[in-house]
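Attaching a single structure in structure tokens format; questions to follow.
The first residue of the sequence shown is numbered 1, and numbering continues consecutively from there. Remember, it's a predicted structure, so these values are computed and weren't measured experimentally. Counting starts at 1 for both ligands and their atoms, following the listed order.
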Amino acid sequence: MNRSKIVVVGSTNMDMVVQADHIPVPGETVLSGSFFMNPGGKGANQAVAVARLGGEVIFVSKLGNDVFGRQFSQLFHDEGIDISFLLHDKDLPSGVALITVDKGGENSIVVASGANASLRKEDLADALDVPSGILLLQLEIPMAVVEYAVECAASKGIKVILNPAPAAALSPGLLEKIDILTPNKTEASMIAGIPVTDMGSAKKAAIAICDKGVRTVVVTMGPLGAVICEGGECSVVETRKVAAVDTTAAGDVFNGAIAVALSEGKNMAEAVRFACDAAAISVTRLGAQSSIPYRKELL
Ligand code: RIB
């Protein structure tokens, strides 16, 4: 198949996951049923999703000088990811995420960034010189690095997909260079300044974000599906109904899937349909990378 290369720049974490009846409020202790460790990090999850869904992916990330850092390199290599541009910080530990998943599948996450926070602009140069069609980014690395990568990609005509997670303020100059922005409802509310509660308000927020210069906005609405907005016109893609056990990394699967579909020449509606299907599978499974489906599961 004729497809373009996808460069993912982002974080790698080891996820420490506890399943609990509910997410504790401040000061509360909840006795939990189970604990497991699973590779995660928004960047790594998106790179693994691209690889498992059939894309050709280069992953740029900074790992720590510890046992997790050494394990991650091997894991990414085994997934078929190009790890030529992976970096190891000699002083800092790898990123770690502490995750609580409640009985409805919702989560709360605290990230200790470790080496992810030490990724620098200079670390990206060689990877961004590789001929590629798509750059996929999230916000668990320094904003200056995100802005630099977007600037370089835009100047080379590479399509930029930014998953603005976790939510953060985005500068007008950055927004203008984004081809596809994929906020969830919390992130869309923050970027648009419009509370997003349903598909109607999601459309309003998407239009407001397009007005800031983003070419295409895709607001992910969990079980409701997604809103696509291009040139002021919105459409809705519904998702299949599933019994969710853990929504961790569903957004990452969605973004990896969109990148793969677009790299194969599919149009935006087809790409979002494919992404909704992939994310729907992931929420029926526990964990981040343990939940990411393979292409054959979507045929
Ligand atoms: O998007 C899910 C990811 O967010 C988890 O894997 C965790 O590491 C945090 O980065």
May I ask you to check whether over 12 heavy atoms, not counting those of Glu270, lie within 6.0 Å of atom CD? yes
Asn116 and Glu140 side chains, donor-acceptor separation under 3.5 Å: no
Measure from atom 5 (C) of ligand 1 to every heavy atom in Asp15, Thr12, Asn255 and give the option owning the shortest one. Asp15
Salt bridge check: are Arg52 and Glu79 linked by an N-O gap of less than 4.0 Å?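 Salt bridge flag = yes for Glu79 with Arg52.
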Side chain or backbone, does Ile99 bring an N or O within less than 3.5 Å of an N or O on ligand 1?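 Such a contact does not occur with ligand 1.
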Report yes or no: do Val253 and Leu298 belong to one cluster of Ile/Leu/Val/Met/Phe/Trp/Tyr joined by side chain heavy-atom distances under 4.5 Å?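 As far as the 4.5 Å side-chain criterion goes, Leu298 and Val253 are connected within one cluster.
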Would you mind checking which non-hydrogen protein atom is closest to atom 4 (O) of ligand 1, with the distance to 0.1 Å?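 Closest protein heavy atom to atom 4 (O) of ligand 1: Lys42 NZ, 3.2 Å.
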Give a yes/no on ligand 1: does Gly251 have at least one heavy atom closer than 4.0 angstrom to it?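 False for this residue.
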Under 4.0 Å to a heavy atom of Ala288 - the qualifying atoms of ligand 1, by number: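 Checking each atom against Ala288, I get 6 (O).
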If you scan protein heavy atoms around atom 2 (C) of ligand 1, the nearest is Asp252 OD2, 3.3 Å
To check you understand the geometry: which heavy-atom pair defines the closest contact between Ile83 and His77, and what is its length?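 Where Ile83 meets His77 most closely, the heavy atoms are CD1-CB, 3.9 Å.
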Of all the non-hydrogen atoms in the protein, which one sits nearest to atom 10 (O) of ligand 1, and at what distance?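 Answer for atom 10 (O) of ligand 1: Glu140 OE2, 2.5 Å.
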Quick one: does Gly41 get within less than 4.0 Å of ligand 1, heavy atoms only? yes
By number and element, which atoms of ligand 1 are closer than 4.0 Å to a non-hydrogen atom of Ala97?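 Listed by number with element, the hits are 7 (C), 8 (O).
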Tell me: protein heavy atom nearest atom 3 (C) of ligand 1, and distance? Asn45 ND2, 3.7 Å
Where is the tightest heavy-atom contact between Asn45 and Ala249, given as atom of each residue plus distance?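 Heavy-atom minimum between the residues: ND2-CB, 3.7 Å.
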Within ligand 1, which atoms have a heavy atom of Gly40 less than 4.0 Å away?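 Here the atoms of ligand 1 in question are 6 (O), 8 (O).
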Taking only Lys NZ, Arg NE, NH1 and NH2, and the carboxylate oxygens of Asp or Glu, determine whether Asp277 and Arg240 approach each other closer than 4.0 Å. yes
Just do the salt bridge (Lys or Arg N to Asp or Glu O under 4.0 Å) check on Glu230 and Arg215 with the steps written out, would you? CA-CA 6 Å; Glu230 286 180 294; Arg215 252 73 73 208; over 6 Å; no
